[in-house]
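Before I ask anything, let me first share the structure, which is written out below as structure tokens.
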Amino acid sequence: RKKVLARLYKVALLAFTASTRQRWGADMVRLLQDQMDDARSRGESQGRVFLLAIWDALGHGCADRFKRATAGLRRSGRDDSGSTVTEPREGVMEWATELRQDLAYGVRQMRRRPTFALATVLVLALGIGANTAVFSVVEGVLLRAVPLPNADRLVRVSPVIPDFGIGGATLPGFQDWDREKGPFEALGAYHTTVHSLTIGGMPERLLVGSTAGDLFGTAGITAAIGRTYAPSQPGAAPEPSLLLTDAFWRAAFGADRSIVGQLVDMDGRSVRVLGVLPPEEEFLRFGRDIDAWAPMDAPLPWMGRGTGFLTVLGRLRADLSVETAEEPLLAMANGLIASGVTENGITTVPLRDGLVGDARSLLWALQGSALLLMLVVAINAANLLLARSLDRTGEFAVRSAMGAGRGRITRQVLVETTLLAVLGGVAGLGLALLGRGAVLTLIPDLAELAGPATLSFPVLGYTFATAVSVGILAGLWPAMRSA
């Protein structure tokens with residue numbers, strides 16, 4: 001997140017001249033990072049600090065360029081005696097003045113034709129809203145960093161069964177991997193079980209993730225309240241304990257912190273609630289519904305090498321990546337096969353790929369469809385604008401007779417269409433928040449991974465870029481015809 005915000009801030013610094021950025025740019029980025037760290041330590045909003053910094057950079061950057069344009073930029077020549085003379089160059093000031101006039105004129109045009117302006121904005125809002133709705137899900141599921149320490153080293157580990165393919169890990173097989181380690185720094189596993197938890201004298205269904213090995217240590221997750229339990233040891237009977245998920249803690253116990261350390265009745269036996277996990281634990285579920293976590297009980301007779309039921313998470317060694325880990329992973333698999341304990345190979349996929357699965361292709365297909373819809377919307381908007389420009393033929397002829405050049409008229413039309421598109425983008429944001437839920441119905445298992453329906457900086461940037469691009473695309477044809 002910090003790297004993304006730093007890149008966005010560097011984009012805002014483009015408002016400054018190149019010499020100013022070269023001299024002060026790095027210091028300004030470091031100052032922003034220090035200010036955001038201070039805000040986080042004080043519990044204040046980092047977003048507010050970032051937005052104020054962006055506003056300040058744009059304001060001072062424009063002032064810097066204006067100063068250079070009016071005082072630093074000169075047009076040089078020679079007088080009759082051959083001496084060099086300079087005079088201020090006024091092109092930049094004239095351009096800024098004309099742009100301000102074009103914006104004001106565009107606003108007046110919308111006031112004169114409110115029905116046309118509203119229709120155009122609504123058409124653009126539908127297209128931009130659909131695009132933003134899909135992109136907000138794509139950004140959350142496919143592009144946003146997984147909020148776990150060393151997430152790029154976390155992988156889902158699975159056995160490759162001859163004549164079958166990828167399956168679930170067996171308990172003895174997981175213990176073999178955990179003992180050998182191979183390319184892994186740590187390993188943890190779990191499977192889901194159903195229990196009955198008595199709350200207020202009433203039994204309720206409880207979905208529990210029963211863990212083996214050091215699952216939470218592997219993922220780098222610590223309890224938000226209380227503590228986690230110690231990693232399970234093979235063949236040992238663990239102390240009856242429970243870790244609540246954040247969502248279940250809030251729904252079942254009303255976010256009561258005093259529940260930590262208390263005994264609760266689960267399946268007729270007393271179990272101690274050790275703590276509450278942070279929301280990030282959802283990235284361990286791989287789409288499963290889980291209310292609480294508990295250490296796996298002593299192995300049952302059916303948990304042999306013939307039954308694969310475990311989901312395994314591994315953390316690669318610091319000197320390895322997913323690609324470079326293939327060789328030591330193959331060596332470990334061949335060693336276990338040679339020892340006669342198994343005939344299965346081993347494969348890994350990055351954590352995000354394991355979470356997303358086949359939904360990746362679906363989401364990219366939806367994003368492509370949304371872009372095609374945006375193209376259709378741009379063409380429809382262009383037709384509306386072209387019809388409007390035909391009614392303004394007399395106006396453009398008068399402006400041309402008064403000295404307005406082809407470029408000035410073209411720019412005027414482009415400014416008007418871009419202004420309409422930006423308004424359509426603002427309206428589209430509201431439609432996107434409503435349409436996001438419809439997109440998530442196609443991938444309900446990834447709703448938590450997509451995150452809450454908020455307007456993040458990437459989503460806002462995408463919407464703004466889409467609005468401006470559509471404004472230029474829709475206005476280009478009418479602008480050229482008008483000029």
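Because the structure is predicted, anything quoted here is derived from the model rather than measured.
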Short N-O contact, Asp353 and Arg360, less than 4.0 angstrom: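 Yes, charged N to carboxylate O under 4.0 Å.
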Sub-4.5 Å side-chain heavy-atom contact between Phe184 and Arg317: no
Spatial distance of atom CG (Asp319) from atom CD (Glu185) [nearest 0.5 Å]: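 Reported value, rounded in 0.5 Å steps: 9.0 Å.
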Residue pair Ser210 / Thr193, side-chain donor-acceptor N/O under 3.5 Å: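 Yes - a donor-acceptor pair under 3.5 Å links their side chains.
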Reported CD-to-OG1 distance for the pair Glu139 and Thr132, which is rounded to 0.5 angstrom: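 Here the interatomic distance stands at 12.0 Å.
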Test item: Arg153 side-chain N/O and Leu316 main-chain N/O as donor-acceptor pair under 3.5 Å: yes
Any donor-acceptor N/O pair, Asp214 side chain to Gly217 backbone, under 3.5 Å: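 Yes, Asp214 side chain to Gly217 backbone: donor-acceptor pair under 3.5 Å.
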Arg272 (side chain) donor-acceptor with Gly261 (main chain) under 3.5 angstrom: yes
Crowding at CZ, Arg257 (>12 non-hydrogen neighbours, <6.0 Å): no
Arg250 with Asp246: basic N within carboxylate O range, under 4.0 Å: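 A salt bridge links Arg250 with Asp246.
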Passing option when Arg305 is tested against Thr170, Thr342, Asp176 for side chain to side chain donor-acceptor pair (under 3.5 Å): Asp176
Side chain proximity check, Leu206 to Val194, heavy atoms < 4.5 angstrom: no
Closest heavy-atom pair and its distance - Thr222, Pro278: O-CD, 3.1 Å
CD on Glu281 to CG on Leu148, rounded to 0.5 Å: 10.0 Å
From CD (Glu343) to CG (Asp163), nearest 0.5 Å: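 That separation rounds to 9.5 Å.
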Leu187 CG to Gln175 CD distance, which is reported to the nearest 0.5 Å: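 Spacing of CG (Leu187) from CD (Gln175) equals 12.0 Å.
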Side-chain donor or acceptor of Asp178 paired with backbone N/O of Phe174 under 3.5 Å: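 Such a contact is absent between Asp178 side chain and Phe174 backbone.
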Worked check of side-chain contact (heavy atoms from CB on, under 4.5 Å) between Met296 and His191: CA-CA 9 Å; Met296 187 183 297; His191 71 114; 3.5 Å; yes
Validation row: Ile259, Val264 side chains within 4.5 angstrom (heavy atoms): yes
Minimum heavy-atom distance Gly188-Thr218, with the two atoms named: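 Looking at all heavy atoms of both residues, the closest pair is N-OG1, 3.6 Å.
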Chi angles and distances behind the side-chain contact (heavy atoms from CB on, under 4.5 Å) call for Leu243, Val276: CA-CA 6 Å; Leu243 285 171; Val276 178; over 6 Å; no
Min side-chain heavy-atom separation Leu274-Thr228 under 4.5 Å: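 Counting from C-beta outward, Leu274 and Thr228 never come under 4.5 Å.
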Residues Ser136 and Arg436: side-chain donor-acceptor under 3.5 angstrom: yes
Any Asn383 side-chain heavy atom under 4.5 Å of Ile379 side chain: yes
Minimum side-chain heavy-atom gap Phe283-Leu313 below 4.5 Å: no
Partner of Arg156 by side chain to side chain contact (heavy atoms under 4.5 Å, CB included), out of Ile166, Thr347, Thr311: Thr311
Closest approach of Pro350 to Val155 (non-hydrogen atoms, all atoms of both residues): CA-CG1, 4.1 Å
Test item: Asp265 side-chain N/O and Thr198 main-chain N/O as donor-acceptor pair under 3.5 Å: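 Judged by distance alone, no pair lies under 3.5 Å.
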Closest non-hydrogen atom pair, Ser270 against Pro240: O-CB, 3.9 Å
Leu330/Asn334 under side-chain contact (heavy atoms from CB on, under 4.5 Å): CA gap, chis, key distance, verdict: CA-CA 6 Å; Leu330 180 62; Asn334 290 337; 3.6 Å; yes
Nearest atoms (heavy-atom pairs only) where Gly127 meets Val377: CA-CG2, 3.8 Å
Aromatic ring proximity, centroids under 6.0 angstrom, Trp293 and Tyr190: yes
Side-chain heavy-atom pair Asp291, Leu244 within 4.5 angstrom cut-off: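 Counting from C-beta outward, Asp291 and Leu244 never come under 4.5 Å.
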Donor-acceptor pair, side chain of Thr307 and main chain of Gly304, under 3.5 angstrom: no
Derivation and outcome, side-chain contact (heavy atoms from CB on, under 4.5 Å), residues Phe253 and Val273: CA-CA 12 Å; Phe253 297 101; Val273 178; 5.8 Å; no
Approximate separation, where rounding is to 0.5 Å, of Met202 CE and Ile199 CD1: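 It is 11.0 Å, given to the nearest 0.5 Å.
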Heavy-atom check, side chain of Leu329 versus side chain of Thr348, under 4.5 Å: yes
Closest approach of Pro162 to Asn344 (non-hydrogen atoms, all atoms of both residues): CD-OD1, 3.3 Å
Side chain Thr324, main chain Ser321, donor-acceptor under 3.5 Å: yes
